[in-house]
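The structure appears right after this line, and notes come after that.
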Amino acid sequence: MARATTAKPAGPKTGAAPKVLVIDIGGTHVKILATGRRQKRQVDSGPTMTPGQMVEDLKKLAEGWDYDVVAMGYPGPVLHNKPMLEPAHLGAGWVGFDFGAAFGRPVKIVNDALMQAVGSYEGRRMLFLGLGTGLGTALIVDRVAQPMELAHLPYKKHRTFEDYVGEAGLERLGKKKWRHEVFAVVERLKAATEPDYIVLGGGNVRLLDKLPPGCRRGDNANAFKGGFRLWEKNAILV
């Protein structure tokens, strides 16, 4: 865990738009992009990566980049800017870690699905579903964002939504049946949340040759867009 400090992390100059370092944390890679940069950089992650190791790796990876603040998409529940559970596919020590002190910058942390949802948002009431290793879910209503843990709700045959449309479901069912379940799960969650539109993001959305009614195709690049948006003057409330 980072050492406690009484010094407040440095931020942007008063009145200036902050230069942002966006961090997208995944189970195999951590990707970064900064204000004014076009090419992302990445470093391997995995089950031995601790938060301290990540910060050390990212400081080296971001050498030559100028940034005032940090936006971080975390692969787990986040409450009041703090991770609430340890990530499933990384090392230990994330809960309670002082990222602001470690980076020496103000840090905003949100769930990774929520960060991609913020980058995908086009107004009104939007449901975001991330089809990846698991099932990421978030709802944004009139610029107020709420991460959701719908993935682990019971669905059928004593399994959850994530068991059917996550990576494990794809491997168990095969692509054809998995696509059928994606349509069924989308319809179920659409009825529950009543969105104006749904964005399907995550890496496995590419496996859908057509989308369920009312859906738009997302893009993993929207995670970076969402990170930048978190620090805008009139940012979406998270």
Side-chain angles (χ1 to χ4, degrees), residues 22-33 40 42 45 71-78 87-89 108-141 143-153 155 160-171 175 178-190 192-230 235-236 238:
V22 182
I23 303 171
D24 185 15
I25 304 173
T28 55
H29 298 94
V30 179
K31 303 171 185 178
I32 63 172
L33 187 67
K40 68 185 179 184
Q42 69 180 38
S45 56
M72 183 185 303
Y74 178 77
V78 176
H89 304 291
K108 288 186 179 181
I109 307 172
V110 297
N111 171 264
D112 55 352
L114 182 58
M115 192 163 79
Q116 190 172 152
V118 169
S120 306
Y121 184 64
E122 297 178 5
R124 298 181 296 159
R125 186 181 184 96
M126 182 197 77
L127 175 65
F128 175 85
L129 301 175
L131 303 173
T133 303
L135 171 64
T137 59
L139 187 69
I140 304 180
V141 182
R143 299 186 60 80
V144 177
Q146 179 60 57
M148 307 186 81
E149 292 296 321
L150 302 176
H152 305 296
L153 293 177
Y155 177 40
T160 66
F161 290 114
E162 184 171 273
D163 290 332
Y164 277 86
V165 300
E167 189 72 35
L170 175 61
E171 293 177 359
K175 190 184 295 184
W178 175 82
R179 286 172 171 169
H180 174 79
E181 290 298 342
V182 169
F183 272 66
V185 167
V186 165
E187 189 62 32
R188 184 75 61 90
L189 297 181
K190 178 181 179 181
T193 58
E194 300 182 326
D196 292 301
Y197 60 99
I198 299 169
V199 172
L200 296 181
N204 284 338
V205 72
R206 60 185 170 78
L207 301 177
L208 296 173
D209 50 5
K210 63 179 181 178
L211 300 182
C215 291
R216 302 176 186 176
R217 193 177 300 272
D219 190 314
N220 282 346
N222 285 337
F224 291 119
K225 184 177 179 181
F228 293 126
R229 281 184 168 182
L230 291 177
I236 292 171
V238 298

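Worth knowing before you read on, the calculation uses all heavy atoms, side chains too, and leaves out hydrogens, waters and symmetry mates. What you see is a predicted model, and the numbers here were worked out from it, not measured in a lab. One is the number of the first residue; the rest follow in order along the sequence.
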Could you tell me which non-hydrogen atom of Ala235 sits nearest to which non-hydrogen atom of Arg229, and how far apart they are? CB-O, 3.3 Å
Measuring only between side-chain heavy atoms, which start at C-beta, is Asn204 closer than 4.5 Å to Glu167? yes
If we only count heavy atoms from C-beta on, is the Val238 to Leu114 side-chain gap below 4.5 Å? yes
I would like to know whether Val22 and Phe228 meet side-chain contact (heavy atoms from CB on, under 4.5 Å); could you show each step before the answer? CA-CA 7 Å; Val22 182; Phe228 293 126; 3.6 Å; yes
With rounding to the nearest 0.5 Å, note down the distance linking CG in Leu230 to NZ in Lys108. 6.5 Å
Got a second to check how far Met115's CE is from Ile25's CD1, nearest 0.5 Å? 8.0 Å
Which residue pairs satisfy the side chain to side chain donor-acceptor pair (under 3.5 Å) criterion with at least one member in residues 124-136, sequence neighbours excluded? none
Any donor-acceptor N or O pair under 3.5 Å, side chains Tyr155, Glu162: no
Give a yes or no answer on whether the side chain of Thr137 reaches the backbone of Met148 with a donor-acceptor pair at less than 3.5 Å. yes
When you measure from the centre of the six-membered ring of Tyr197, is the NZ or CZ of Arg216 closer than 6.0 Å and no more than 45° off the axis? yes
Side chains of Pro77 and Glu149: does their closest heavy-atom pair fall under 4.5 Å? yes
Which atoms form the tightest heavy-atom contact between Gln116 and Gly202, and what is the distance? OE1-N, 3.4 Å
If you look at every heavy atom in Asp219 and Ala221, which pair is closest and at what distance? OD1-N, 2.7 Å
Spell out, as yes or no, whether a donor-acceptor pair under 3.5 Å connects the side chain of Trp178 to the backbone of Gly169. no
Side chain to side chain, Asp112 and Tyr74, heavy atoms closer than 4.5 Å: no
Check the pair Ile32, Gln42 against side-chain contact (heavy atoms from CB on, under 4.5 Å), reporting the backbone distance first and the verdict last. CA-CA 6 Å; Ile32 63 172; Gln42 69 180 38; over 6 Å; no
Looking at Asn111 and Pro147, would you say the former's side chain and the latter's main chain have a donor-acceptor pair under 3.5 Å? no
Pairwise distance CG(Leu200) to CZ(Arg206) - rounded to 0.5 angstrom: 14.5 Å
Distance-minimising heavy-atom pair for Leu135 and Ala151: O-CB, 3.1 Å
Quick one, Leu139 with Phe128, criterion side-chain contact (heavy atoms from CB on, under 4.5 Å). Give me CA distance, side-chain angles, the key distance, then yes/no. CA-CA 6 Å; Leu139 187 69; Phe128 175 85; over 6 Å; no
Tell me whether the count of non-hydrogen atoms from other residues, nucleotides or ligands lying under 6.0 Å of NE2 in His29 goes above 12. yes
Straight-line distance of Ile140 CD1 to Glu122 CD, nearest 0.5 Å: 11.0 Å
Locate the shortest heavy-atom distance separating Pro212 from Val186; write the atom from each residue and the value. CB-CG1, 3.9 Å
Can Leu129 and Leu189 be said to form a side-chain contact (heavy atoms from CB on, under 4.5 Å), step by step? CA-CA 9 Å; Leu129 301 175; Leu189 297 181; 3.8 Å; yes
Kindly say whether Leu207 contributes a backbone atom to a donor-acceptor pair with the side chain of Arg179 at under 3.5 angstrom? yes
For the atom pair OG (Ser45) and NZ (Lys31), what is the distance rounded to the nearest 0.5 Å? 10.0 Å
Point-to-point distance, once rounded to the nearest 0.5 Å, from CD1 of Ile236 to OH of Tyr121: 6.5 Å
So, Arg217 side chain and Val205 main chain: donor-acceptor pair closer than 3.5 Å or not? yes
Heavy atoms only: give me the nearest Pro213-Lys190 pair and the separation to one decimal. O-NZ, 3.6 Å
